[in-house]
Amino acid sequence: MAEECSFTLEDLQCPVCCEVFDVPVILSCKHNFCKTCIQKHWDRMGTRQCPLCRRTERSSRPAINLSLKLATDVFKQKPEQFMVKSVERCSRHNEELKLFCRKDAELICVSCTSSRSHKNHEYCPITEAASDIMKQAAETAAEVKQEYEKLHTILREEEAARFIALQNERESKTAMVREKLEEVNKSIEELSDIVKYIEPIIIADDLTFLKESSVNFDPNTAHPNLIIKDELTTISYGKKQQLPDNPERCASRMAVLAANSFNSGKQRWNVEVASSKEWYVGVARESINRKTAVFLNPREGFWVISNNEESYWAQTSPRTRLTLKKPPQIITVELDYDKGKVSFSDAGNGSSIYTFKDKFNERIFPYFATGIKEGSTLRICAL
């Protein structure tokens, strides 16, 4: 009966648990697994993939392999039948191969034990060797499973840590917003007086006023190495912080965007650059690539001037070298959205530095970046 059986002992072992099948099911890729093993694997991975070939299984309830189920039932009743093999003989002595040479890891006959090739070697019956091998395989599988669980534990801990960091950042921002709201409420009366004063002037002269914007840094967009302080008006390069990698955060440069954005009119703001030997100041469109390195030019959505060790450049394509009489301490940035102009000047003497001319078709954000030297600082100045 054993010789007529189409399954070997290896055929009856589940690739996941390495034990004889309990209830074998067959996937569309023709691989077999214990029903409980494959369900647990799918639950753990979150996807119905074959553990062997990674092919996605269409059905969530694969069919039972009836022929394999019958074979496993026979094995559980009479396992010795599956150990019977067609007699293999020694190519040297033409005797049945009954022993396993542990040193050479090969099957031998009784006569081989006294031959020169295997004399004084350690050997054992084939069934004992097979049992040892299965035991080693089971131990290896257990070790792999244990390492797999360790990896899952590490990932779960990392997920928890990131969640806590995100929650702390959210609480910090909420507190900051509350403080700002209190300041706004205290200033409502003053602002009302200013509006009452400016409104008749606008009506009388019919002029488009240049908005002297109150610009603040947006912590959500800041590179992890940038430290923001002084009520969101100062950035400094420093030690990398553990921050969530949200979509709006800049990762390719030591950059940050302002919380303000503009899609019409005129705006102006001042940036103190005296405390940074390397800096990049200007504007950028909302859709810029924030995660990978790009050229800071208008084609990529940047209208920026820069300084690197007292070498000044307009970031055009190719970039344009700027000649300045003396290093500026404060840069004035003026944005005329409707006319497509971004102008830079020295706030100290009012001299023009450079003007970009383009056409804007989406929201524009003030853009700032420092060098990578400890203490490099940029500060937004009150106008």
Side-chain angles (χ1 to χ4, degrees), residues 210-217 222-223 225-228 230 233-238 250 252-258 260 262 266-285 288 293-360 364-383:
L210 177 67
K211 297 180 181 178
E212 297 184 339
S213 304
S214 177
V215 175
N216 292 322
F217 298 121
H223 188 282
N225 280 97
L226 290 181
I227 311 300
I228 301 179
D230 298 337
T233 60
T234 304
I235 56 171
S236 298
Y237 175 81
C250 297
S252 62
R253 293 178 179 268
M254 300 300 145
V256 61
L257 301 180
N260 320 61
F262 312 107
K266 299 179 182 180
Q267 287 78 26
R268 182 177 68 183
W269 58 93
N270 286 344
V271 186
E272 183 180 329
V273 297
S275 299
S276 184
K277 292 185 177 181
E278 180 179 358
W279 48 260
Y280 302 82
V281 172
V283 299
R285 65 187 178 209
I288 58 170
V294 294
F295 292 105
L296 296 181
N297 58 46
R299 183 181 302 174
E300 301 292 341
F302 299 87
W303 295 268
V304 172
I305 65 171
S306 64
N307 170 49
N308 190 346
E309 300 293 342
E310 299 184 0
S311 176
Y312 299 92
W313 301 88
Q315 297 295 324
T316 53
S317 181
R319 63 181 185 168
T320 303
R321 191 180 186 99
L322 304 176
T323 302
L324 306 182
K325 293 183 179 179
K326 65 176 183 178
Q329 303 296 300
I330 298 176
I331 299 291
T332 298
V333 184
E334 294 187 8
L335 168 67
D336 188 335
Y337 188 99
D338 300 322
K339 292 185 178 181
K341 293 173 60 177
V342 184
S343 302
F344 301 86
S345 59
D346 186 334
N349 54 29
S351 61
S352 176
I353 297 176
Y354 191 81
T355 297
F356 288 92
K357 294 183 179 180
D358 212 322
K359 183 178 181 180
F360 304 127
I364 298 297
F365 287 79
Y367 177 89
F368 315 84
T370 70
I372 57 174
K373 292 184 178 180
E374 195 74 26
S376 292
T377 300
L378 294 179
R379 184 171 67 89
I380 299 174
C381 306
L383 292 168

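Computed from a prediction, not measured in an experiment: that's the story for all the values here.
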Audit row: Val273, Ile330, side chain to side chain contact (heavy atoms under 4.5 Å, CB included) steps and yes/no: CA-CA 6 Å; Val273 297; Ile330 298 176; over 6 Å; no

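Each of Leu226, Val215, Leu257 was scored for a side chain to side chain contact (heavy atoms under 4.5 Å, CB included) with Phe368, with one residue passing: Val215.
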For a quick test of your reading: what N or O donor-acceptor pairs under 3.5 Å do the side chains of residues 338-349 make, sequence neighbours left out?
from   : atom 1 : to     : atom 2 : distance (Å)
Asp338 : OD2    : Gly265 : N      : 3.2
Ser343 : OG     : Thr355 : OG1    : 3.3
Asp346 : OD1    : Gly348 : N      : 2.8
Asn349 : OD1    : Ser351 : N      : 2.9
Asn349 : OD1    : Ser351 : OG     : 2.6

Acceptor/donor pairs from residues 369-376 side chains to any protein atom, 3.5 angstrom cut, sequence neighbours excluded:
from   : atom 1 : to     : atom 2 : distance (Å)
Lys373 : NZ     : Glu309 : OE2    : 2.6
Ser376 : OG     : Lys373 : O      : 2.9

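Taking CG of Asn297 as the start and CZ of Phe356 as the end, the distance is 9.0 Å to the nearest 0.5 Å. Atom CD of residue Glu272 and atom CD1 of residue Ile380 lie 11.5 Å apart, to the nearest 0.5 angstrom. With rounding to the nearest 0.5 angstrom, the OG atom of Ser275 is 8.0 Å from the CZ atom of Arg379. Note that the CD1 atom of Ile235 and the CE atom of Met254 stand 11.0 Å from one another [nearest 0.5 Å]. Residue Ile364 holds its CD1 atom at 7.0 Å from CG of Leu335, rounded to the nearest 0.5 Å. Note that CZ of Arg253 and NE2 of His223 are 11.0 Å apart. Values are rounded to the nearest 0.5 Å.
Partners of Phe365 by ring-ring contact (aromatic ring centres under 6.0 Å, His included), not counting sequence neighbours: none found. Considering only residues two or more places apart in sequence or on other chains, Glu278 meets the salt bridge (Lys or Arg N to Asp or Glu O under 4.0 Å) condition with none of them. By the ring-ring contact (aromatic ring centres under 6.0 Å, His included) test, Tyr280 pairs with no residue at all, sequence neighbours left out. In this view, Tyr367 satisfies the side chain to side chain donor-acceptor pair (under 3.5 Å) rule with no residue, not counting sequence neighbours. Annotation: side chain to side chain donor-acceptor pair (under 3.5 Å) contacts of Thr234 (sequence neighbours excluded): Asp230. Listed by chain and residue number, nothing satisfies the side chain to side chain donor-acceptor pair (under 3.5 Å) test with Ser317 (two or more places apart in sequence, or in another chain).
At a threshold of 4.5 Å between non-hydrogen side-chain atoms, the residues Trp279 and Ile305 count as touching. Between Thr316 and Tyr354, the closest side-chain pair of non-hydrogen atoms falls below 4.5 Å. Contact check for Val281 versus Val333: side-chain heavy atoms found under the 4.5 Å cut-off.
Not one N or O on the side chain of Asn216 forms a donor-acceptor pair closer than 3.5 Å with the backbone of Thr233.
Pairs passing the ring-ring contact (aromatic ring centres under 6.0 Å, His included) check and including a residue from residues 305-334, sequence neighbours excluded, do not occur.
Trp303 and Phe360 have their aromatic ring centers within a separation under 6.0 angstrom.
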